[in-house]
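In what follows, a single structure is set out as structure tokens and then discussed.
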There are 2 protein chains.
Amino acid sequence: MTRAERLAGEIADAILSGEFVPGARLDEQGLADRYGVSRTPVREALRLLATTGLIDMRPRRGATVTQITSEHLFELFVAMGEIEATCARLSALGMSPIERRRLEALHERMGDMARARNEDSYAEANVAFHSAIYAGTHNSALVEIATNLRRRLSPFRRAQFRAPGRLALSHAEHEVVLLAILRGDAAQAHAAMLRHVNLVEDAFEQLSGTQPPREKSA
Amino acid sequence: MTRAERLAGEIADAILSGEFVPGARLDEQGLADRYGVSRTPVREALRLLATTGLIDMRPRRGATVTQITSEHLFELFVAMGEIEATCARLSALGMSPIERRRLEALHERMGDMARARNEDSYAEANVAFHSAIYAGTHNSALVEIATNLRRRLSPFRRAQFRAPGRLALSHAEHEVVLLAILRGDAAQAHAAMLRHVNLVEDAFEQLSGTQPPREKSA
DNA sequence: TCCATCAATATTGTATGCAACTCTTGTGCG
DNA sequence: CGCACAAGAGTTGCATACAATATTGATGGA
């Protein structure tokens, strides 16, 4: 692995851990000093991060940690929901029998985790569940888009399963999605996933106190 | 505009014009000599192009023009169709009256172009038509995804409207989409756009002789 | 007192040179 | 004759130095 890639990871961690707050300026020389490298790999790392949306770069004006406005965050959640729903639709249409069985098995294991109130295990399995539905599209372009969006939203979902009862609720919502996929009901899979992700978003809003932007009366 | 960005554009043009064929190795020093700059901006330009999917970069192994397999291309078309359909759905739900009127006006102008068999004007307006539907989602994340996909597919759509009768057909398909959006029929807008983009894909296959990959009997 | 302009400084963009790694090619051994 | 290993060349990754531009502060005038 190249130094720039390692750097990109470390800087990303620093951002996600809140060490660099949104809007903070990322000085190339400063980062170079901090990580004991020259500016060259720092620049390449910053370009990598810029493509993930974690930082903003403007020519001759340096890099800053992206300040996600609540409006933009809301848009990201909506986009995520639409993409996930699309993946669920395609999975309902085209998942192989093996993929369906595996998804079902995973869901049952997650039921045990939910009953055991094991939030960490459930969160990990949850990622696997959604990833399986991405993969079920058999479409690498969609997988890439979905994975990208999830990464951009991940910092805002940390406490996702901390809300009381959220674990069982999530599992119940998954079940609706799962059953629709298993019986090949594309429309229902789409609708159920859309509802699931919207509820995740609501849970986030409750936790963070963020309000969705009101519709502008154009 | 910085030198690296200009370079990225020029190299992209060279690739899209076929000067650098898929699979061709892109030597940093060679490009630097060719464009009369040093390797540094060339490296940054290559990183930019790598994010667009136009080239592949592997650490220590250089950059090559991406070879899109017909399977991958098929996946990109499917993804494009799904995203466009999603945009149409959201547009049907949330476009402002002004946006709806503008879309309708554009569609009518495109009717004139189609009747005049003006392929170039129509192709340009076609981009505007689809862009308007992206914008109608009021979701910058989706707009970005859709625009990105379109750019990656653009080299394969060049002769899109050359097929005989394709112009009138495209306009008729647009009309179904448009009417669904105008009356706020989300499901119909989704379905109509999906059909439209699939037909575009078919037209491409006819022109290029590419076959969609058969379903693997898993 | 406020605004505009200019200079100084700091930061980014680019060039060049060196180090590390990969790939090729040639040679020797089986 | 084929394969493995090593040495060499060539290319990429990184560091350093220089150039160009943005930002900030001060100073002068209105």
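Only this structure's heavy atoms are used, side chains among them; waters, hydrogens and symmetry mates stay out. The sequence lines fix the lettering, A, B, ..., with proteins before strands; numbering per chain opens at 1.
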Round to the nearest Å and state the distance from A/Glu44 atom CD to C/dT12 atom P. 16 Å
For residues B/Arg39 and B/Ala32, report the shortest heavy-atom separation together with the two atoms involved. N-CB, 4.0 Å
Gap between atoms CZ and P, on A/Arg58 and C/dT11 respectively (whole Å): 17 Å
Contact class for B/Leu46 vs. all strands (heavy atom < 4.0 Å): base, sugar-phosphate, or nothing? nothing
When you check the phosphate oxygens OP1 and OP2 of C/dT14, does a side-chain N or O of B/Thr2 lie under 4.0 Å from one of them? yes
What is the distance from CE of A/Met1 to P of C/dT22, rounded to the nearest Å? 15 Å
Do you know the tightest heavy-atom contact between B/Thr52 and B/Arg152? O-CG, 3.2 Å
So A/Tyr122 and A/His171, would you call those rings parallel, tilted or perpendicular, with 30° and 60° as cut-offs? perpendicular
Assign A/Arg43 to base, sugar-phosphate, or nothing according to its heavy-atom contacts below 4.0 angstrom with the strands shown. base
For B/Met193 and B/Glu82, what are the C-alpha separation, side-chain angles and deciding distance, and is it a side chain to side chain contact (heavy atoms under 4.5 Å, CB included)? CA-CA 9 Å; B/Met193 181 60 95; B/Glu82 293 290 337; over 6 Å; no
Any side-chain N or O of A/Arg39 less than 4.0 Å from the OP1 or OP2 oxygen of C/dT11? no
Walk along DNA chain D from 5' to 3' and tell me the first and last nucleotide with an atom closer than 4.0 Å to a non-hydrogen atom of chain A. D/dG13 to D/dT23
To the nearest Å, give me how far apart CE (A/Met57) and P (C/dT12) are. 8 Å
Nearest atoms (heavy-atom pairs only) where A/Leu49 meets A/Ala8: CD2-O, 3.6 Å
Would you tell me whether B/Asp33 and B/Gln29 have side-chain atoms, one donor and one acceptor, within less than 3.5 Å of each other? yes
Could you state the atom-to-atom distance from CG of A/Leu26 to C1' of C/dT11 in whole Å? 13 Å
B/Gly62 or A/Pro59: which one's nearest nucleotide on DNA chain D is closer to the 5' end? B/Gly62
Touch class at under 4.0 angstrom, heavy-atom based, for A/Thr40 against every strand present: base
Figure out the CZ/P separation between B/Arg60 and C/dA19, and round it to whole Å. 14 Å
SB check A/Glu19 A/Arg34 (cutoff 4.0 Å): yes
To the nearest angstrom, how far is B/Tyr35 atom OH from C/dT14 atom P? 16 Å
